[in-house]
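Counting begins at 1 with the first residue of the sequence.
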Amino acid sequence: MEGAPMWDTLWLDGHLATMAPGTDAYGTMRDGAIAAKDGRIAWVGARADLPGPPEALAGRVERLGGSWVTPGLIDCHTHLVFGGDRVGEWEQRLEGVPYAEIAKAGGGIARSVALTRAASEEALFASAMARLSPLLAEGVTTVEVKSGYGLDLESELKMLRVARRIGQEGGVRVRTTLLAAHALPPEYKDDRAGYIDLVCQTIIPAAARDGLADAVDAFCEGIAFTVEEVERVFTAAQAHGLPVKLHADQLSDTGGAALAARFGALSADHIEYTGDAGLDAMAAAGTVAVLLPGAFYLLRERQAPDVVGMRARGIPMAVATDLNPGTSPARSLLLMLNMACTLFRLTPAEALAGATRHAATALGLADEVGTLEVGKACDLAIWEVGQPAELAYWLGGTRCVGRVVGGVGVG
C-alpha cells in the first residue's frame, strides 16, 4: 500500500558497536540507527542519514536513550544439556582427593553419562533452560549445544532432541553439535575400536538422518581419543555432509589443531598447547580458534593459548563459556570476556569480537549473525554502558537491558 512504512521497527537514540570490520575495532557508529524488516536488518547507519522522519519510516520506533547496541552475543561452545551436576567432586578435589580416585569410584564424565542416560527429555530440557537463563540475561541470542554425555545411540539423540527444542522454545538460536566421541563409555572400556565403529556407523548416520546435528565434534587428547580415531569420526561426518570441529590440544600438543585444519574444521577449541605447526595449519585453513578461559581457570592450568601467535597469523579468536558440569560450570559469557582479557591478554575489542563476529564463523553462521549489517538476522543486545569495553570490564551485574532475536524483542 502506498505510504506504508518501509520497516517494521526502527531503533534510535543509541550508539552502535556493529563489530563489522571498518571504522575501528568495534565498528562504532555514534548516534546511530538500525531498522528491521521481516526479521532482518534492513538499514544501519547514522541517524542523520535516515531517509525521512522516523515515524514515517517504521511501524514501530524504539528510542534507546543513549544505550549501546551490539550484535546479540554468541556462545559458540557449550555442553548445556546434561543430567545432574558434579559439585561434590569439585569439593573432593579441593580437599585433595585425586581425580583418578574420583573417576575410579564412578565419578568424572562417567557420572555425567549415568545421570544423563537416566534423565528424561523433559528433565533435561528443564535443567538446560535453567542454565541457559543467565546467558540470555547477558545478551546471548545464539548458543551452540553439544551432546557427549550420552555415549550411546539413544542417549546422544535424546540430548540433541532437547537441544533442538531449546531452539524452538527458548528464545534463542541454537546450533547442535554431535560429540559422541567425547569419552569412552563404560561398556566399551575394553573395546575402543568397537565404540568408534558405533559412532561412525550408527550414531553419526542416525543424527544426520534425523536432522539433529549441525556439526560433529570430538575430543582429541591423551585421556580421550587419538588422531587416528578422530580421523575416522571426521571422515564419517563429512560423508554425511556434516562439518567438523575439535576439542584440540587442551592438555598436550597431540597435533589436534593441525588435524582439525586438515579436515577444514569450523573451529579448534581450547588449543592451550597448540604449537607453531598447528597454528600455521589453522591460519591456512581459516579454522577459528575458540578460547575457553573458564576451563583454564577451574583446572588451574598454566599453559595459556598462544594469543600472540594467533594474532600475528590473523587467526580469528572466538570466546565461549564451555558450560559443562565438570571443568567449566560457567553461566556468564561476559565473565569469560573478562577472563579472556585478564588470563589470555585479549583486548576488550578482541574479546567482544570473539563473542560476536568470530563466534558466528566458528558455527558456520558468518553470513547470518555476528555483526550489525544489512541482510543479516536482526539479533541485537542493548546495553546500559558508557562504552563497549565495559562489557569485558565489569565482574558481575549484567548491563543488558534488552535482547532482540529476528527483529522481535525477547527481554
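Glu154 CD: 12 or fewer foreign heavy atoms inside a 6.0 Å radius. The number of heavy-atom neighbours closer than 6.0 Å to CZ of Arg86, taken from other residues, nucleotides and ligands shown, is above 12.
In this structure, Arg117 and Ser155 have side chains that are in contact, with non-hydrogen atoms separated by less than 4.5 Å. Between Leu212 and Thr176, every side-chain heavy-atom pair lies at or beyond the 4.5 Å cut-off. For the pair Ile196 and Val233, the minimum side-chain heavy-atom distance is below 4.5 Å. Asp214 places none of its side-chain heavy atoms less than 4.5 Å from the side chain of Thr177. Thr78 has its side chain out of reach of Lys146: every pair of non-hydrogen atoms, C-beta onward, lies at least 4.5 Å apart. Taking 4.5 Å as the limit, every side-chain heavy atom of Asp217 sits out of range of all side-chain heavy atoms of Leu178. Side chains of Met339 and Leu334 form no contact here, defined as non-hydrogen atoms less than 4.5 Å apart. Between Val143 and Ile74, every side-chain heavy-atom pair lies at or beyond the 4.5 Å cut-off.
Separating the SG atom in Cys378 from the CD1 atom in Ile34 is a distance of 5.0 Å, to the nearest 0.5 Å. In this structure, CG on Asp269 lies 12.5 Å from SG on Cys220, to the nearest 0.5 angstrom. Of the inter-residue distances, the one linking Ile271 atom CD1 with Leu246 atom CG reads 10.5 Å to the nearest 0.5 angstrom.
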Original post:
Checking salt bridge (charged side-chain N to carboxylate O under 4.0 Å, His left out) for the pair Arg313/Asp276: CA distance, chi angles, key distance, verdict?
Top reply: CA-CA 10 Å; Arg313 291 169 173 85; Asp276 287 340; 3.3 Å; yes
**OP:** Take Asp13 and Arg63, measure what salt bridge (charged side-chain N to carboxylate O under 4.0 Å, His left out) needs, and give me the verdict at the end.
**Re:** CA-CA 6 Å; Asp13 300 337; Arg63 301 187 182 276; 3.5 Å; yes
**OP:** Kindly indicate, with the supporting measurements, whether the criterion side chain to side chain contact (heavy atoms under 4.5 Å, CB included) is fulfilled by Ile109 and His182.
**Re:** CA-CA 9 Å; Ile109 289 177; His182 189 196; 4.0 Å; yes
**OP:** Quick one: do Arg60 and Asp8 satisfy salt bridge (charged side-chain N to carboxylate O under 4.0 Å, His left out)? Show the steps, please.
**Re:** CA-CA 6 Å; Arg60 180 181 180 88; Asp8 298 325; over 6 Å; no
Original post:
Going through the distances and angles, do Asp75 and Arg175 end up as a salt bridge (charged side-chain N to carboxylate O under 4.0 Å, His left out)?
Top reply: CA-CA 10 Å; Asp75 195 350; Arg175 295 293 276 184; over 6 Å; no
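Salt bridge Arg161/Asp210: absent, no basic N to carboxylate O contact under 4.0 Å. For Lys376 and Asp367, the salt-bridge test fails: no basic side-chain N is under 4.0 Å from an acidic carboxylate O. The pair Glu350-Arg311 meets the salt-bridge criterion, with a side-chain N (NZ, NE, NH1 or NH2) lying under 4.0 Å from an Asp/Glu carboxylate O.
With hydrogens and angles left out, the side-chain atoms of Arg357 and Thr361 include no donor and acceptor closer than 3.5 Å. A side-chain N or O of Ser147 and one of Glu156 form a donor-acceptor pair less than 3.5 Å apart. Side-chain N/O atoms of Glu373 and Thr371 include a donor and acceptor closer than 3.5 Å. No side-chain donor from either of Asp249 and Ser252 sits under 3.5 Å from a side-chain acceptor of the other.
Every pair tested for ring-ring contact (aromatic ring centres under 6.0 Å, His included) that includes a residue from residues 364-394 fails, sequence neighbours excluded, so the list is empty. Note on residues 15-26: no pairs pass salt bridge (Lys or Arg N to Asp or Glu O under 4.0 Å), not counting sequence neighbours. Listed by first then second residue, pairs satisfying ring-ring contact (aromatic ring centres under 6.0 Å, His included) with a partner in residues 220-268 read His77-His247, His79-His247, Phe219-His247, Phe234-Phe263, His247-His270, not counting sequence neighbours.
Residues satisfying the ring pair (Phe, Tyr, Trp, His ring centres under 6.0 Å) test with Phe296, not counting sequence neighbours, are Phe344. With sequence neighbours excluded, no residue satisfies ring pair (Phe, Tyr, Trp, His ring centres under 6.0 Å) with Tyr297. Residues passing the ring pair (Phe, Tyr, Trp, His ring centres under 6.0 Å) test with Trp68, sequence neighbours excluded: His15.
In this structure, Arg111 forms no cation-pi arrangement with Tyr149, as its terminal cationic atom is not both closer than 6.0 Å to the ring centre and no more than 45° off the ring axis.
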